[in-house]
Trainee: 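The structure under discussion is supplied below as structure tokens; questions concerning it will follow.
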Number of protein chains: 4
Amino acid sequence: LKFSTSSVMAKSKFEYVRNFELDDTCLRNCYIVVRLDGRNFHKFSEQHNFMKPNDNRALGLMSRSARSVMEELEDITIAYGQSDEFSFVFKRSTTWFKRRASKLMTHVTSQFSSSFVYYWKEYFGEQPLLYPPSFDGRVVLYPSNHNLRDYLSWRQADCHINNLYNTTFWTLVQKGGLTTTQAEERLSGTQAADKNEILFSEFNINYNNESPMHKKGTTLIWEKVNETTTKQIKRPDKGETEVTVTRTRKKVTSHSCDIIGDQFWEEHPDILESDQC
Amino acid sequence: LKFSTSSVMAKSKFEYVRNFELDDTCLRNCYIVVRLDGRNFHKFSEQHNFMKPNDNRALGLMSRSARSVMEELEDITIAYGQSDEFSFVFKRSTTWFKRRASKLMTHVTSQFSSSFVYYWKEYFGEQPLLYPPSFDGRVVLYPSNHNLRDYLSWRQADCHINNLYNTTFWTLVQKGGLTTTQAEERLSGTQAADKNEILFSEFNINYNNESPMHKKGTTLIWEKVNETTTKQIKRPDKGETEVTVTRTRKKVTSHSCDIIGDQFWEEHPDILESDQC
Amino acid sequence: LKFSTSSVMAKSKFEYVRNFELDDTCLRNCYIVVRLDGRNFHKFSEQHNFMKPNDNRALGLMSRSARSVMEELEDITIAYGQSDEFSFVFKRSTTWFKRRASKLMTHVTSQFSSSFVYYWKEYFGEQPLLYPPSFDGRVVLYPSNHNLRDYLSWRQADCHINNLYNTTFWTLVQKGGLTTTQAEERLSGTQAADKNEILFSEFNINYNNESPMHKKGTTLIWEKVNETTTKQIKRPDKGETEVTVTRTRKKVTSHSCDIIGDQFWEEHPDILESDQC
Amino acid sequence: LKFSTSSVMAKSKFEYVRNFELDDTCLRNCYIVVRLDGRNFHKFSEQHNFMKPNDNRALGLMSRSARSVMEELEDITIAYGQSDEFSFVFKRSTTWFKRRASKLMTHVTSQFSSSFVYYWKEYFGEQPLLYPPSFDGRVVLYPSNHNLRDYLSWRQADCHINNLYNTTFWTLVQKGGLTTTQAEERLSGTQAADKNEILFSEFNINYNNESPMHKKGTTLIWEKVNETTTKQIKRPDKGETEVTVTRTRKKVTSHSCDIIGDQFWEEHPDILESDQC
């Protein structure tokens, strides 16, 4: 019995170790971006027989997991994903987790990772997940709307460049009969125009007609949508009547459009907060 | 076609945003502790009908997930878990991820979270996981062996205090017929000795005989174990013979013992590195 | 002789300690403010017989030291001082010292401190400086023009509140014959309006006519000024002629005006950089 | 009058800018080293005609300024200086300024810089200081005694290497009649042994006999010293008597000895705190 009492005393004796925790609060009035990257996803995609150059099941699962993150953390106003990466943007005035960087990045990473496994079956059906995958995360701050848009533009430009390369590469292999080494050599040093030309003249593929999701990646935002439901209502005099109810609800919606130009931002003016704050 | 070329140019124009990423390298020659905590696990445990005061399926799944983390990150020399938390200790000389705090904490959190969902069925069988759970993580540095041991002692003392409280509380409810409110009132202001006394005199329960895993939590370390396998070998003259092969392998082992006193550390001298470094 | 060789080897053996230095780069595209505060200046001002409520010699020396800092670090676009504090604002795009916080704050503090002693005699004449004074410094980042202006407004509002209090307090003591304790009691709980009323009705002092430097503090900025010099020029045929040469030069200028309202900023549009960057 | 009231309101409206200040507390149980370096001291030393290779007036002034820092900040247990740099070591358990890095480094830098100007005349007499000099500072943490001693050893090894080079270089110039370019070429690629040989065989100088302060730098520590004073005491019966009073006082003492080996640390066991904390 004596042991237990000393345990309480012991705990208070040890509690000083709490003070070794350092504060990592994010600077106020800056956008907080959390970016996740799949770890060893090259190997992961091979072990799970991902389609080349793009596997729609994997892309769908990535977006589904990202939506799960946004629904848990409503201060994320926009998320952008491509390949095995996803970026989440917290509004600049957010006070979630007191803006502590470690809380923000681990919570996003954790929710994404558990969702990826949880929703696997919805996208891969009976094909089993061979082992639990892992993502790493980081936090980056952006002080202005201009900087934030440049960040997202950077990721989308990266998506475009990679997808054009991969599309051409796998077309050379899958339709052109080249080995992967030959395809690599063929593309070495080529410009974007050259790759478009190879696709068009040799395989009759117009890159512009490729899937928008592959060319532009996936952008998730919150939008107000009208939801119409039908209810049966009993009235004392008239018996049952069918009534249509329309409610406006905020919902995460998915887009495969250009986010580098101004149009997207003009159409969704609520994503950014004013720089004049 | 022109678009693609300008996209490459665009990317390099945007690439300056990389420089907003700040360095978060951990101070050298310090132990790096990553601690995870379940988010809203009170609610999670109720929704999944966890046994009270301890659910062995959940504790088993936590340990299984922690082992998955250790097997991915071999520079973790010891991990300690209780309830819905787990702490992972990287050796003080580790150079994993160049000691970058965000990489270390997100990788641990991600691997743990995906493993928790992945191995759910092994521990909960047909009982479904209702939604993907989430854990948050943090990094804390400890400069000396003394500080690190005090950290682990702090968590184990916390485990003991909570478990004694919970054991008494749920005994009063489950066997004593009290409501949860009545049990709370009964325990308000009591010392450890009082709780032991309630258990013993009213319910004939000796707390010391309770399960070590519940009283002490779970400690995971790397140990060398001998693995013996039997092989059939064909010899040209004698036909088949059975041969026993013993190999030494490093393996994560689980312990439910006291880690506050010196004995555990004397028995496993390789966990800590010298302060004289 | 052998010793020296081993000393070179020794140095390289010890050099690993360099890696314990951590990076403290300031987030890009943010204003970097370094604020200095005098340490124990209450005592310092008494030991050096500062005039109450304001000592123009001390204020002059503070501004002279601040100018010395600005002339050394040209990326400081504005500095604001009052009482024993001074704030220095580096432009948001500065790359001085690679934006390392420790370099920026120690260099500003050092230059200010050595200048304070160096120029003492210019302001205090034969009155000796009794010991070397000390200032502490800190770095704060502001992501937007709005935030930066609010920071400077905060300091100027603070100047006004303190100066009104001090002016009333010392008038009560010096002209009203109260002890300092009595003056403190008299002012306890009073609003600004009350203090203005005391000054006006009891001492016939209109606070609005007080010195702008005391009410508004000192603002230092870079301005282009025309400097006219006269030179004697020898011409082969005409002998000596006097020629007037006007050159435009950037110079630190001092202002005691309101910086809370828009007028100052409209008159000096070059101090702030656009938020659209 | 209304203005003043709104000024108080204004101040509270602006006060949110305080929250942009980020915490920079130093990790506990680590030695905190603040190192200062003279800025542009090569130029400074030429403009003030420093003796080559070492100017004892400058070295004396550096040490005097360092002592001034130690007397202001008693938690500095040891300081080491050479050339235009000085390192100050706060004890690992210090709570000065709540261990905030910016406060610690700016206070040290400020006190040092103002002292350097303040005590200039004591070392340079009538030779005027031409402008206020500047020092930059930084903070580095060391978690163990071993790391801290290696840091100090690194600085002392650096002192030795530089001093041997400079002594040989200036002997070649001053006594050997070489130009600085010729001396540089002569020394290019030489080992320590070669430099010792040049000094000995060509100039009959035994480097070992050079001044310890030049070879080893200056180490400042706190020591208990006995101070004996003589007082005249009047006794009622016997008239005046002379009495000797000895008091023990802590005082900063200066040493030019080796601090790489164990002897110095064994003789001053109070400088380091145990790693077992």
Side-chain angles (χ1 to χ4, degrees), chain A residues 1-2 4-5 7-8 10-11 14-18 20-22 24 36 39 68 72 97 101-103 105-107 109-119 129 131-142 147 150-151 153-154 157-158 160-161 164 191-193 195-197 207 260, chain B residues 1-2 4-5 7-8 10-11 14-18 20-22 24 36 39 68 72 97 101-103 105-107 109-119 129 131-142 147 150-151 153-154 157-158 160-161 164 191-193 195-197 207 260:
Chain A
L1 296 186
K2 210 178 146 211
S4 327
T5 312
S7 171
V8 180
K11 197 194 162 193
F14 302 135
E15 219 149 10
Y16 79 92
V17 296
R18 273 192 157 163
F20 285 69
E21 209 171 316
L22 300 176
D24 63 350
L36 306 183
R39 282 197 48 80
S68 163
E72 279 296 308
F97 302 107
S102 51
K103 292 273 184 183
M105 74 179 116
T106 56
H107 191 36
T109 312
S110 178
Q111 188 71 40
F112 192 93
S113 303
S114 63
S115 298
F116 193 92
V117 180
Y118 189 82
Y119 296 113
L129 176 61
Y131 53 85
S134 175
F135 298 84
D136 66 43
R138 75 195 73 194
V139 157
V140 196
L141 302 181
Y142 290 105
N147 295 150
D150 280 353
Y151 171 78
S153 297
W154 176 50
D158 186 70
H160 174 76
I161 291 164
L164 177 56
Q191 300 288 313
K195 298 188 192 77
N196 275 285
E197 185 61 21
Y207 181 73
I260 297 179
Chain B
L1 300 183
K2 211 179 141 209
S4 329
T5 312
S7 170
V8 180
K11 198 195 160 191
F14 302 136
E15 219 148 9
Y16 79 91
V17 297
R18 273 192 158 164
F20 285 68
E21 207 171 317
L22 299 176
D24 62 349
L36 306 182
R39 282 200 46 82
S68 164
E72 280 296 308
F97 302 107
S102 51
K103 292 273 183 183
M105 74 179 114
T106 57
H107 192 37
T109 312
S110 179
Q111 189 70 41
F112 191 92
S113 303
S114 63
S115 298
F116 193 91
V117 180
Y118 189 83
Y119 295 113
L129 175 61
Y131 53 85
S134 177
F135 297 83
D136 67 42
R138 77 195 70 195
V139 157
V140 196
L141 302 182
Y142 291 106
N147 295 151
D150 280 354
Y151 171 78
S153 297
W154 177 50
D158 186 71
H160 173 76
I161 291 164
L164 177 57
Q191 302 288 313
K195 297 188 193 76
N196 275 286
E197 183 62 22
Y207 181 74
I260 298 180

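Since this is a predicted model, take the numbers as computed values, not measurements. Throughout, protein chains are lettered first and strands after them, A, B, ... in sequence-line order, and every chain is numbered starting at 1.
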Trainee: So which heavy atom on B/S110 is nearest to which on A/F135, and how close?
Mentor: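 The answer is OG-N, 2.7 Å.
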Trainee: Give, as side chain, backbone, both or neither, the part of B/F20 having an atom under 4.5 angstrom from any heavy atom of chain A.
Mentor: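 Backbone plus side chain of B/F20, per the 4.5 Å heavy-atom cut-off to chain A.
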Trainee: Go through A/S102, A/S114, A/S113 and name the one with the most non-hydrogen pairs under 4.5 angstrom from chain B.
Mentor: A/S114
Trainee: Which atom pair, heavy atoms only, marks the closest approach of B/Y118 to A/Y131?
Mentor: OH-N, 3.4 Å
Trainee: Could you look at B/Y119 and say if it's the side chain, the backbone, both or neither that has a heavy atom under 4.5 Å from chain A?
Mentor: side chain
Trainee: Quick check for you: among A/H107, A/E15, A/R18, which has the greatest number of heavy-atom pairs under 4.5 Å with chain B?
Mentor: A/H107
Trainee: So which atom in B/I260 and which in A/F14 form the shortest heavy-atom distance, rounded to 0.1 Å?
Mentor: CG2-CZ, 3.8 Å
Trainee: Sequence neighbours left out, what passes side-chain hydrogen bond (donor to acceptor under 3.5 Å, both in side chains) with B/S68? Give chain and number order.
Mentor: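 By the side-chain hydrogen bond (donor to acceptor under 3.5 Å, both in side chains) rule, B/S68 matches B/Q111, B/S115.
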Trainee: Counting only heavy atoms closer than 4.5 Å, note whether A/L22 contacts chain B via side chain, backbone, both or neither.
Mentor: neither
Trainee: Within this structure, what is the CZ-CZ distance for the pair A/R39 and B/F97, rounded to the nearest 0.5 Å?
Mentor: 4.0 Å
Trainee: So which residue, A/V139, A/L141, A/D150, A/D136, ends up with the most heavy-atom pairs under 4.5 Å with chain B?
Mentor: A/D150
Trainee: Under 4.5 Å heavy-atom distance to chain B, tell me which part of A/F112 shows up: side chain, backbone, both or neither.
Mentor: neither
Trainee: Provide the closest heavy-atom pair for A/K11 versus B/I161 in the form atom of the first, atom of the second, distance.
Mentor: CD-CD1, 3.6 Å
Trainee: Closest heavy-atom contact between A/T106 and B/G137?
Mentor: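 Of all heavy-atom pairs spanning A/T106 and B/G137, the closest is OG1-N, 2.9 Å.
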Trainee: Do B/F116 and A/V117 have side chains that approach each other closer than 4.5 Å (heavy atoms only, starting at C-beta)?
Mentor: no
